[in-house]
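Below is one structure; the comments refer to it alone.
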Amino acid sequence: MRTLPADYERFRVGRIEVAARGELVPLAHDVLRGGTLYDFAKSHPEARAFGGRQPAYAFPLPRREGWIVVRHNRHGGLLAGLTGDRFLRPTRALRELVVAHALAVQHVPTPHPLGCVIYPAGPGFARSDVITRLVTPSRDLAAVLAEGDGAARAQALEFTARLVGVLSRAGAHHADLNSKNVLIATEALVLDVDRVQFGWSPRDALAANLRRLDRSLRKRREQFNEIISDAEIAELARLAARPQEP
């Protein structure tokens with residue numbers, strides 16, 4: 001799954017590879033002559049930081065064309081200490097753009113992808129940044145649960161159930177579906193979509209997605225005291241399994 005939609009432009013700035021939608025192309029040409037897009041975002045005077053394995057940074061595009069978020073990809077788990085932010089080429093960044101587009105076609109909410117940048121990092125390896133539109137106002141599900149507000153939590157879990165349902169009906173399984181990868185705005189949006197695999201039956205996808213999310217919610221409840229009960233987890237699963245509303 002490597003074919004990008006037609007509205008992406010692919011080009012190079014020196015040895016750096018870029019795939020970007022039109023509104024990002026001029027900025028990429030300007031910034032990448034002197035450094036990485038991630039470093040530019042981090043040092044921008046209006047930068048907003050978002051937590052995670054490595055913080056993502058949002059900043060406004062020139063000429064009031066909206067805000068974008070730049071995320072630098074890093075390994076997690078056992079590989080984190082060995083490879084850090086170096087990935088085998090072609091990296092997972094291009095796949096993330098393709099998957100995000102495929103999810104949008106299936107009406108699965110995810111932040112609007114604008115492009116990616118792939119930097120050489122030695123023979124066969126590369127580092128990468130992924131760029132999306134900023135969704136605001138928004139918080140990840142983990143932040144909502146940590147605050148413990150009853151009404152906000154109930155709404156966030158309802159939104160999450162809808163997201164899991166539509167993701168599963170699209171035959172898609174997210175191998176890292178967790179409370180940090182669900183963004184709550186006027187609906188729930190799925191993040192880190194390079195971990196999504198298509199081709200599942202809706203029934204199997206639903207079971208797998210719920211197992212992964214259930215495991216994550218229980219683990220974070222123990223580690224970070226996120227406020228969610230067994231009854232709420234069970235209700236989330238029940239709501240996700242509802243037939244699609246007309």
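Please read these numbers as outputs of a predicted model, since none were measured by experiment.
In plain terms, the two heavy atoms of A102 and F198 that are nearest each other are CB-CZ, 3.8 Å. Closest approach of R89 to P120, counting heavy atoms only: NH2-CA, 3.4 Å. The two residues A47 and A41 come nearest to each other via the heavy atoms CB-O, 3.2 Å. The two atoms that bring R86 and G122 nearest to each other are NH2-CA, 4.4 Å, heavy atoms only. Minimum interatomic distance between A208 and W200 (heavy atoms only, all atoms of both residues): CB-CZ3, 3.6 Å. Pairing each heavy atom of A58 with each of F50, the nearest pair is CB-CE1, 3.5 Å.
By the 4.5 Å heavy-atom criterion applied to side chains, Y38 and P55 are counted as neighbours. Looking at N178 and D176, their side chains come closer than 4.5 Å, going by heavy atoms from C-beta outward. Residues R242 and R162 are in side-chain contact: their nearest non-hydrogen atoms beyond the backbone lie under 4.5 Å apart. Using a 4.5 Å cut-off on side-chain heavy atoms (C-beta onward), I131 and P113 make no contact. Within the 4.5 Å cutoff, the side chain of L61 has heavy atoms near those of the L24 side chain. Counting heavy atoms from C-beta outward, R133 and P111 have side chains that stay 4.5 Å or more apart. Between L94 and C116 the shortest side-chain heavy-atom distance falls below 4.5 Å. At least one side-chain heavy atom of L213 sits under 4.5 Å from a side-chain heavy atom of V164.
Checked against L163 for a side chain to side chain contact (heavy atoms under 4.5 Å, CB included), the options V108, L141, L189 give a single hit: V108.
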Check step by step if salt bridge (charged side-chain N to carboxylate O under 4.0 Å, His left out) holds for R95 and D194. CA-CA 6 Å; R95 186 179 193 281; D194 62 289; over 6 Å; no
D192 and R71: CA distance, side-chain angles, deciding distance, salt bridge (charged side-chain N to carboxylate O under 4.0 Å, His left out) verdict: CA-CA 10 Å; D192 282 2; R71 188 183 79 251; 3.8 Å; yes
Show your working on side chain to side chain contact (heavy atoms under 4.5 Å, CB included) between R220 and K180 and close with a plain yes or no. CA-CA 10 Å; R220 288 191 64 88; K180 297 294 293 182; 3.9 Å; yes
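Between the side chain of N73 and the main chain of V130, no donor-acceptor pair closer than 3.5 Å is present. Between the side chain of T160 and the backbone N or O of A156, at least one donor-acceptor pair lies under 3.5 Å. Side chain of N209 to backbone of A172: a donor-acceptor contact under 3.5 angstrom is found. Proximity of a side-chain donor or acceptor of T91 to a complementary backbone N or O of A93 within less than 3.5 Å is detected. In this structure, E232 contributes its side chain and S229 its backbone to a donor-acceptor pair below 3.5 Å.
Hydrophobic side-chain contacts under 4.5 Å tie L239 to no other Ile, Leu, Val, Met, Phe, Trp or Tyr residue.
Remark: aromatic rings of F40 and Y57 are distant, center separation not under 6.0 Å.
H29 meets the ring pair (Phe, Tyr, Trp, His ring centres under 6.0 Å) test with F11; sequence neighbours excluded. Every residue two or more places apart in sequence or in another chain that forms a side-chain hydrogen bond (donor to acceptor under 3.5 Å, both in side chains) with D230 is listed here: R218, R221. Not a single ring pair (Phe, Tyr, Trp, His ring centres under 6.0 Å) links H101 to another residue, sequence neighbours left out. With sequence neighbours excluded, no residue forms a ring pair (Phe, Tyr, Trp, His ring centres under 6.0 Å) with H174. For the ring pair (Phe, Tyr, Trp, His ring centres under 6.0 Å) test, residues two or more places apart in sequence or in another chain that qualify with F87 are H75. Legend: residues meeting side chain to side chain contact (heavy atoms under 4.5 Å, CB included) with D30, ordered by chain and number and at least two apart, are R33. For R63, the side-chain hydrogen bond (donor to acceptor under 3.5 Å, both in side chains) criterion is met by no residue, not counting sequence neighbours. Judged as a side chain to side chain contact (heavy atoms under 4.5 Å, CB included), and not counting sequence neighbours, T186 has no contacts. When the salt bridge (charged side-chain N to carboxylate O under 4.0 Å, His left out) test is applied to E147, the partners found at least two apart in sequence or on another chain are R139.
Identified under the ring pair (Phe, Tyr, Trp, His ring centres under 6.0 Å) test for residues 103-125, with sequence neighbours left out: none. For residues 117-130, the salt bridge (Lys or Arg N to Asp or Glu O under 4.0 Å) pairs, not counting sequence neighbours, are D85-R127.
Under the 4.5 Å side-chain heavy-atom criterion for Ile, Leu, Val, Met, Phe, Trp and Tyr, V31 and V13 are members of the same hydrophobic cluster. Side-chain heavy atoms closer than 4.5 Å link hydrophobic residues (I, L, V, M, F, W, Y) into clusters, and following such links, possibly through other members, connects L145 to L177. There is no path of hydrophobic side-chain contacts, each under 4.5 Å, that joins L191 to V166. Under the 4.5 Å side-chain heavy-atom criterion for ILVMFWY residues, no single connected hydrophobic cluster contains both L236 and L183. Note on L167 and I184: same hydrophobic cluster, where clusters join Ile, Leu, Val, Met, Phe, Trp and Tyr whose side-chain heavy atoms are under 4.5 Å apart, directly or indirectly.
Note that CG of L32 is 8.0 Å distant from CG of L27, once rounded to the nearest 0.5 Å. Put simply, CZ on R215 and CG on L210 are 12.0 Å apart, with the number rounded to the nearest 0.5 Å. Note that CG of D204 is 10.0 Å distant from OG of S168, once rounded to the nearest 0.5 Å. Atom CZ of residue R21 and atom CG of residue L4 lie 9.5 Å apart, to the nearest 0.5 angstrom. A distance of 10.0 Å separates CD1 of I68 from CG of L134, quoted to the nearest 0.5 Å. Between R12 atom CZ and E17 atom CD the span is 4.0 Å, to the nearest 0.5 Å.
Electrostatic pairing of E158 and R238 does not count as a salt bridge here, judged by no charged N lying under 4.0 Å from a carboxylate O.
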